[in-house]
Amino acid sequence: MANPRQVAIQTIATAKHQLNRVDFRKAHVKDLFGIHVFNEEAQRQRLPKSVFKALQKTLRQGQPLDPTVADAIATAMKDWAMEKGATHFTHLFQPMTGLTAEKHDSFLVPRDGGGAIAEFSGRELIKGEPDASSFPSGGLRATFEARGYTAWDPTSPAFIMEHANGSTLVIPSAFLSWTGEALDKKTPLLRSMEALSIQALRIVRLFGNSAPKKVFTTVGPEQEYFLIDKNFFYCRPDLINTGRTLFGARPPKGQEMEDQYFGSIPERVLACMAEAESELFKLGVPVKTRHNEVAPSQYEIAPIFEESNLATDHQMLVMEVLRKTADKYGLACLLHEKPFAGINGSGKHNNWSMSTDTGENLLNPGDTPHDNAQFLVFCCAVIRAVDKYAEILRLSIATAHNDHRLGANEAPPAIISIFLGDQLNDIIEQIEKGGAKSTKQGGLFETGVSILPKLPKDAGDRNRTSPFAFTGNKFEFRAVGSSQNIAGPNTILNTIVAESLDHIASALEADVKSGKSLTAAVQALLPTLIKEHKRIIFNGDNYTEEWHCEAEKRGLPNIKNTVDCLPVILKKETISLFTKYRVYTEKELQSRYNILSENYVKTVNIEGQMTAYMAKVLLLPAALRYQGEVATTVNATNAAGIDNSDQLDFLKKLTAAISPLQRSTNDLEKALAHLANGDAYAHAKHMRDKVIPAMNDVRKAGDTLETMVAEDLWPLPSYREMLFIK
């Protein structure tokens, strides 16, 4: 009788999938883009002129929305949504689970005497009231206190989410407790964007530009993910429950041939990508790039830049649409940072910049960066922020999932550093020595092939090992985890840069007030900033042991795991930073410390329980059955008088391999049963120090047995099957 693994392979081999669900020859992308979004075009068509102008003033200048226009907006939004099949509306928010949450309410309102009408008021648009008691609050709310509010974020347009029975009007929102604290990830992000805008405008004004009314941060988050056949997925309890494989021997072929990266995209995967892009286009998500990633069965999707809060909402949609679409093609989308050991994990490269509402990218160096004083001031502000607050930035990407990835030779190390590239690094060095007078130019490529045109060459190379790299007109924060909500890292990045801009603006304003020219003030300030913070700049290979030694000499922090990161939240300077710019209150920071500690404990506990379960009910029975078969064969050949010393030797090795699985499983269960004394953080340390090492021992024993037990008895799909059978 075939085991589930063999059945999965047979099913995959005979499956037929409909690959023409989307045909861009018939539905052009320009006609799809934004059709399910209540965007500026839809608003202009449906709102009275005065209402439209009031809403645009809120969106463009950050002015509070006039409540008197809310009813008109709600009515227009409802009519638009119902024309697209919507029966319900929901306030979509981002609780501290790291996911999104929604409660659907019908437009239908019963009338006296029977019948019903469709209604949607301005009050319902602006505010919702979901139950807040069951979301993580870290002590901000007791479980018996349920009231929480969602608040419409008008800067992120409402949209339609289609489903099999119709559609739902989705209203992006913030989530606050009855007592006023943020229970979500979006509210602090919006606060941090305002804080940065205030400080950045001070710099812009110093340089004589009075036109911008607002500075906003932009983000373009690249999303890496795996796709495997869902028949394999359903045969792996670990993937279903934890998102990663807790067992799996190294396959004969992994990624060492380097033939996956940018390779030809498999037909089924390409069809899945095309439909996902189609759905995202409808939702106004500007996805641009798709390609094979480094690991087998790993892929990437990347959008164009948007304002940070809109990019965050869209990024959550990207993950949801990828998961839903994959299922239609018999695939499972894996967004965990390290679903497979021994091959590259997945990240979410967070491309971050600052722009004015007049369209100026403040991190665009121009053709001659050495003459672009405004750019150099903003760039030095980022350098100072990353150096001064490296521990806080490291905290922003700390999760139990990301611990498996950071520091491996596939992702940035846990040491935060900045890569500037040859051109910008040369200018920074010139400034430190007394003033920048030139800019390195790239020139042209000489290909040596007459038929090929001469190509313009950038002035510097890229560095794929750096956690925080300047890439032309933005900084790429490469350490963000693939399953993370990017609101957290961007909230921290915005806040630390806001503080740095505040520091620089105050110094320049004081100098100018005292009679110095702005040019002289900048020329005096920047060399000092560079001298104080240049230790954070590193343009070499971040993977080498030499860099770790050098970073230690420079005094750069090397926080290797989430548990060591958590105390950073409660440091005096952290609390002072976030309360000063009103991004988090002290109570909100304490709650995040509690939530992250509890989340780490729960994540590792689930993985530990699943590891023990699989070892006992899947791997050990398979190994014992095989041991029985081998023992029977050895006895039979021995009884027949045949020399079976080699078979007997194999039986001994097999038996010797089974014992460690049993012992390590027992040790793991003891570690899981032990209750650490103290709070959630003490439990987190216990999980890191006792449970994870015990899990690793069980895995080592299980993976050894996978290479010994007969395939028809081994219950789990192997890496060589999951990663290479498309």
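Fair warning: this is a prediction, and the values are worked out from it, not measured in the lab.
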What orientation do His404 and His336 show, parallel under 30°, tilted 30 to 60°, or perpendicular over 60°? tilted

Considering residues, nucleotides and ligands other than [X], do more than 12 of their heavy atoms fall under 6.0 Å from its [atom1]?
X      : atom1 : value
Lys328 : NZ    : yes
Gln18  : CD    : yes
Tyr613 : OH    : no
Glu586 : CD    : no
Arg582 : CZ    : no
Lys84  : NZ    : yes

Begin with the C-alpha distance, continue with both residues' side-chain angles, and end with the deciding distance and a verdict on side chain to side chain contact (heavy atoms under 4.5 Å, CB included) for Phe89 and Phe107. CA-CA 7 Å; Phe89 66 92; Phe107 289 123; 3.7 Å; yes

Quick one: does any side-chain atom of [X] pair with a main-chain N or O of [Y] as donor and acceptor, under 3.5 Å?
X      : Y      : value
Ser167 : Glu162 : no
Lys214 : Ser197 : no
Arg290 : Met273 : no
Tyr681 : Val563 : yes
His291 : Ile265 : no
Lys230 : Leu331 : no
Ser173 : Thr150 : no
His163 : Asn165 : yes
Ser396 : Leu393 : yes
Asn231 : Gly330 : no

Assess Arg592 against Phe578: is NZ or CZ under 6.0 Å from the centre of the six-membered ring, and within 45 degrees of the ring's axis? no

Find the distance between [atom1] ([X]) and [atom2] ([Y]) and round it off to the nearest 0.5 Å.
X      : Y      : atom1 : atom2 : answer
Leu283 : Asn39  : CG    : CG    : 11.5 Å
His88  : Leu169 : NE2   : CG    : 12.0 Å
Ile486 : His349 : CD1   : NE2   : 13.0 Å
Glu307 : Ser156 : CD    : OG    : 10.0 Å
Asn599 : Thr97  : CG    : OG1   : 9.0 Å
Leu189 : Asn309 : CG    : CG    : 6.0 Å

Would you check if there is a donor-acceptor pair between the side chains of Gln298 and Asn344 at a distance under 3.5 Å? no

Tell me yes or no: between the side chains of Glu306 and His314, is some donor less than 3.5 Å from an acceptor? yes

Any non-hydrogen side-chain atom of [X] less than 4.5 Å from a side-chain atom of [Y]?
X      : Y      : answer
Asn351 : Phe477 : no
Leu317 : Met161 : yes
Leu493 : Phe475 : no
Ser355 : Phe216 : yes
Thr491 : Tyr584 : yes
Leu32  : Phe24  : yes
Arg478 : Pro467 : no
His683 : Glu598 : no

Less than 4.0 angstrom from a charged side-chain N to a carboxylate O is my criterion; do [X] and [Y] meet it?
X      : Y      : value
Asp229 : Arg268 : yes
Arg244 : Glu607 : yes
Glu279 : Lys282 : yes
Lys186 : Asp313 : yes

Chi angles and distances behind the side-chain hydrogen bond (donor to acceptor under 3.5 Å, both in side chains) call for Gln484, Glu337: CA-CA 9 Å; Gln484 273 192 273; Glu337 281 72 6; over 6 Å; no

Any chance you could lay out the side chain to side chain contact (heavy atoms under 4.5 Å, CB included) test for Gln590 and Thr585, step after step, and finish with the verdict? CA-CA 9 Å; Gln590 178 68 55; Thr585 66; over 6 Å; no

What's the shortest heavy-atom distance between [X] and [Y], and which atoms?
X      : Y      : answer
Tyr600 : Met687 : CE2-CB, 4.1 Å
Trp80  : Arg46  : CD1-NE, 3.4 Å
Met316 : Gly98  : CE-O, 3.4 Å
Glu224 : Gly347 : OE1-N, 2.7 Å
Ala276 : Leu322 : CB-CD2, 4.2 Å
Ala72  : Val51  : CB-CG2, 3.9 Å

Just do the side-chain hydrogen bond (donor to acceptor under 3.5 Å, both in side chains) check on Gln223 and Lys348 with the steps written out, would you? CA-CA 5 Å; Gln223 175 71 61; Lys348 184 143 45 192; 3.1 Å; yes

Do the ring centers of [X] and [Y] come within less than 6.0 Å of each other?
X      : Y      : result
Phe175 : Tyr149 : no
Phe226 : Tyr299 : no
Phe159 : Phe38  : no

Show your reasoning for whether side-chain hydrogen bond (donor to acceptor under 3.5 Å, both in side chains) applies to Ser591 and Asn594. CA-CA 5 Å; Ser591 77; Asn594 294 336; over 6 Å; no

Under the criterion side chain to side chain contact (heavy atoms under 4.5 Å, CB included), I'd like the reasoning laid out for Thr562 against Leu596: C-alpha separation, chi angles, the key distance, then a yes or no. CA-CA 9 Å; Thr562 294; Leu596 292 173; 6.0 Å; no

Show the numbers, then the answer: is there a side-chain hydrogen bond (donor to acceptor under 3.5 Å, both in side chains) between Ser308 and Thr217? CA-CA 6 Å; Ser308 292; Thr217 52; 2.5 Å; yes

Test side chain to side chain contact (heavy atoms under 4.5 Å, CB included) on Ile228 and Leu239; report intermediate values, then the result. CA-CA 11 Å; Ile228 66 167; Leu239 280 177; 3.7 Å; yes

